[in-house]
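To start, the structure itself, in structure tokens.
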Amino acid sequence: MNFIVETAKILIVEDDTDINNLIAKIVEKAGHQVVQAFSGTEAQLRLEMDSFDLIILDLMLPGITGEELIELIREKAQMPILVLSAKNGLENRVNVLNLGADDYLMKPFENEEVAARVNASLRRYKKFSPDKNKKAEVLNHKNIEINNDAREVFVCSKRIALTGYEYDILYLLLKNPNKVFSRESLYEEIWNGGFYGEDNTVNVHISNLRKKIAEFDKEEEYIKTVWGIGFKLV
């Protein structure tokens, strides 16, 4: 079954011209508009001048590094960030997710998987983005408040900065307070069926979410690990 994804504007940040052009062809073939940048500094300028629906990012860049760029982006925006990198160690992947990336794909990559991950990220982002024509949705649980219209989260009345996936996981848990979600079901809901095998992606996002909440509320537990099953709101 094929899912239709609306045309998106995507920034590709990759210093290798051949790889950048290859990614651009993959993304354009998937029906999206492409803007290319060949350094972290150029990408920063592009982001200051324009808005994008998704960013595909290499890490080893001249000028501003990919890791630094993720931090700069997350200070202002929540659009999905897909990292494509030759850095294949677990520590590198976890570090990038901790900084605020939403997904990580190692080089060399398969063209079809790049297109699939791009479309899955865009579907997820659109699915959990608020409809501007509807009344603002506000969810409350213990000392957490979510304003889904602004995609803002407050803990003990203080705003916390979440990545797109962290926000969507928390929103899903608050919408379903009595449901236990397995890692696979979270992939189905948040990544729109894009489960890519055994990795730590969900665990890292859950861990980061817990840490960010605990910075403002150390007394309460919010996300419980149900051993052998998954996670639920408590």
Side-chain angles (χ1 to χ4, degrees), residues 3 5 10 13 23 26 53-59 66-67 69-71 73-74 77-129 151 153 160-176 179-214 222-233:
F3 294 89
V5 178
I10 296 175
V13 190
I23 298 170
I26 295 169
D53 300 300
L54 181 142
I55 298 170
I56 300 175
L57 178 66
D58 186 23
L59 296 178
E67 290 90 346
L69 195 59
I70 291 171
E71 291 184 292
I73 293 168
R74 284 295 173 246
Q78 288 189 333
M79 83 283 281
I81 300 174
L82 168 59
V83 170
L84 297 183
S85 177
K87 292 184 177 182
N88 58 8
L90 175 61
E91 184 177 347
N92 288 319
R93 300 199 303 272
V94 170
N95 178 56
V96 166
L97 293 171
N98 283 338
L99 289 174
D102 295 281
D103 203 357
Y104 194 109
L105 183 60
M106 291 180 289
K107 298 176 182 178
F109 49 78
E110 296 293 335
N111 295 4
E112 293 81 2
E113 186 172 4
V114 173
R117 294 212 188 196
V118 165
N119 286 336
S121 292
L122 290 170
R123 284 195 300 269
R124 186 275 310 165
Y125 189 62
K126 180 179 179 181
K127 177 180 178 181
F128 288 95
S129 293
R151 287 180 65 89
V153 178
I160 64 173
L162 301 181
T163 68
Y165 281 141
E166 290 165 3
Y167 176 90
D168 294 338
I169 290 170
L170 183 60
Y171 174 79
L172 186 64
L173 291 174
L174 263 68
K175 285 282 287 186
N176 301 273
K179 183 174 180 179
V180 178
F181 289 91
S182 66
R183 290 171 62 245
E184 291 79 6
S185 66
L186 283 173
Y187 268 110
E188 290 293 328
E189 292 284 348
I190 306 298
W191 281 259
N192 287 275
F195 182 64
Y196 301 106
E198 293 299 320
D199 61 44
N200 289 321
T201 301
V202 169
N203 291 345
V204 170
H205 286 303
I206 293 287
S207 176
N208 290 341
L209 191 51
R210 284 170 168 159
K211 289 176 184 176
K212 290 180 179 180
I213 293 172
Y222 289 93
I223 303 174
K224 180 180 180 180
T225 299
V226 181
W227 191 84
I229 303 176
F231 309 95
K232 68 170 294 186
L233 188 75

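Side chains of Thr201 and Tyr165: no donor on one and acceptor on the other come within 3.5 Å.
Taking CZ of Phe181 as the start and CD1 of Ile190 as the end, the distance is 8.0 Å to the nearest 0.5 Å. For the atom pair CG (Leu59) and CG (Leu69), the distance works out to 10.0 Å, reported to the nearest 0.5 Å. Atom CE of Met106 sits about 9.5 Å away from atom OG of Ser85, to the nearest 0.5 Å. Here Leu82 contributes atom CG and Asp102 contributes atom CG; the two are 9.0 Å apart, rounded to the nearest 0.5 Å. Interatomic distance, OG1 of Thr163 versus NE2 of His205, reported as 5.5 Å (0.5 Å rounding). To the nearest 0.5 Å, the span separating CD1 on Ile55 from CD1 on Ile10 amounts to 10.5 Å.
You'll find the side chain of Ile213 reaches within 4.5 Å of the side chain of Leu209, heavy atoms only. A heavy-atom distance below 4.5 Å is not found between the side chains of Leu84 and Leu57. Using a 4.5 Å heavy-atom threshold, the side chains of Lys175 and Leu170 count as separate. With contacts defined as side-chain heavy-atom distances shorter than 4.5 Å, the pair Ile70/Val83 qualifies. At a threshold of 4.5 Å between non-hydrogen side-chain atoms, the residues Lys212 and Glu166 count as touching. You'll find the side chain of Asn111 reaches within 4.5 Å of the side chain of Phe109, heavy atoms only.
For the pair Leu233 and Leu173, the tightest heavy-atom approach, listed with the atom from each and the gap, is CD2-O, 3.7 Å. What you find for Leu99 and Arg74 is that their closest heavy atoms are O-CG, 4.1 Å. Closest approach of Glu189 to Leu172, counting heavy atoms only: CB-CD2, 3.6 Å.
Between Asp103 and the choices Arg117, Arg124, Arg93, the salt bridge (Lys or Arg N to Asp or Glu O under 4.0 Å) rule is met once, by Arg117.
For Thr225, the side chain to side chain contact (heavy atoms under 4.5 Å, CB included) criterion is met by Arg210, Phe231, not counting sequence neighbours.
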Problem - Candidate pair Lys232 and Val226, rule side chain to side chain contact (heavy atoms under 4.5 Å, CB included), full reasoning - result: CA-CA 7 Å; Lys232 68 170 294 186; Val226 181; 3.8 Å; yes
Exercise for the section: Output, in order, the C-alpha distance, side-chain angles, deciding distance and verdict of side chain to side chain contact (heavy atoms under 4.5 Å, CB included) for Val202 and Ile206. Expected result: CA-CA 6 Å; Val202 169; Ile206 293 287; 4.1 Å; yes
Practice task
Evaluate the side chain to side chain contact (heavy atoms under 4.5 Å, CB included) criterion for residues Gln78 and Arg151: first the C-alpha distance (whole Å), next the side-chain angles of each, then the deciding distance (0.1 Å), finally the verdict.
Solution key: CA-CA 9 Å; Gln78 288 189 333; Arg151 287 180 65 89; 3.0 Å; yes
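Side chain of Asn95 to main chain of Glu91: no donor-acceptor pair is present (N/O by atom type, distance under 3.5 Å, no hydrogens or angles). In terms of modelled atom types and a separation under 3.5 Å, the side chain of Arg183 and the main chain of Leu186 share no donor-acceptor contact.
Using a cut-off of 4.0 Å between Lys/Arg side-chain N and Asp/Glu carboxylate O, Lys87 and Glu67 are scored as salt-bridged.
The environment of Lys107 atom NZ is dense: over 12 non-hydrogen atoms of other residues, nucleotides or ligands sit within 6.0 angstrom.
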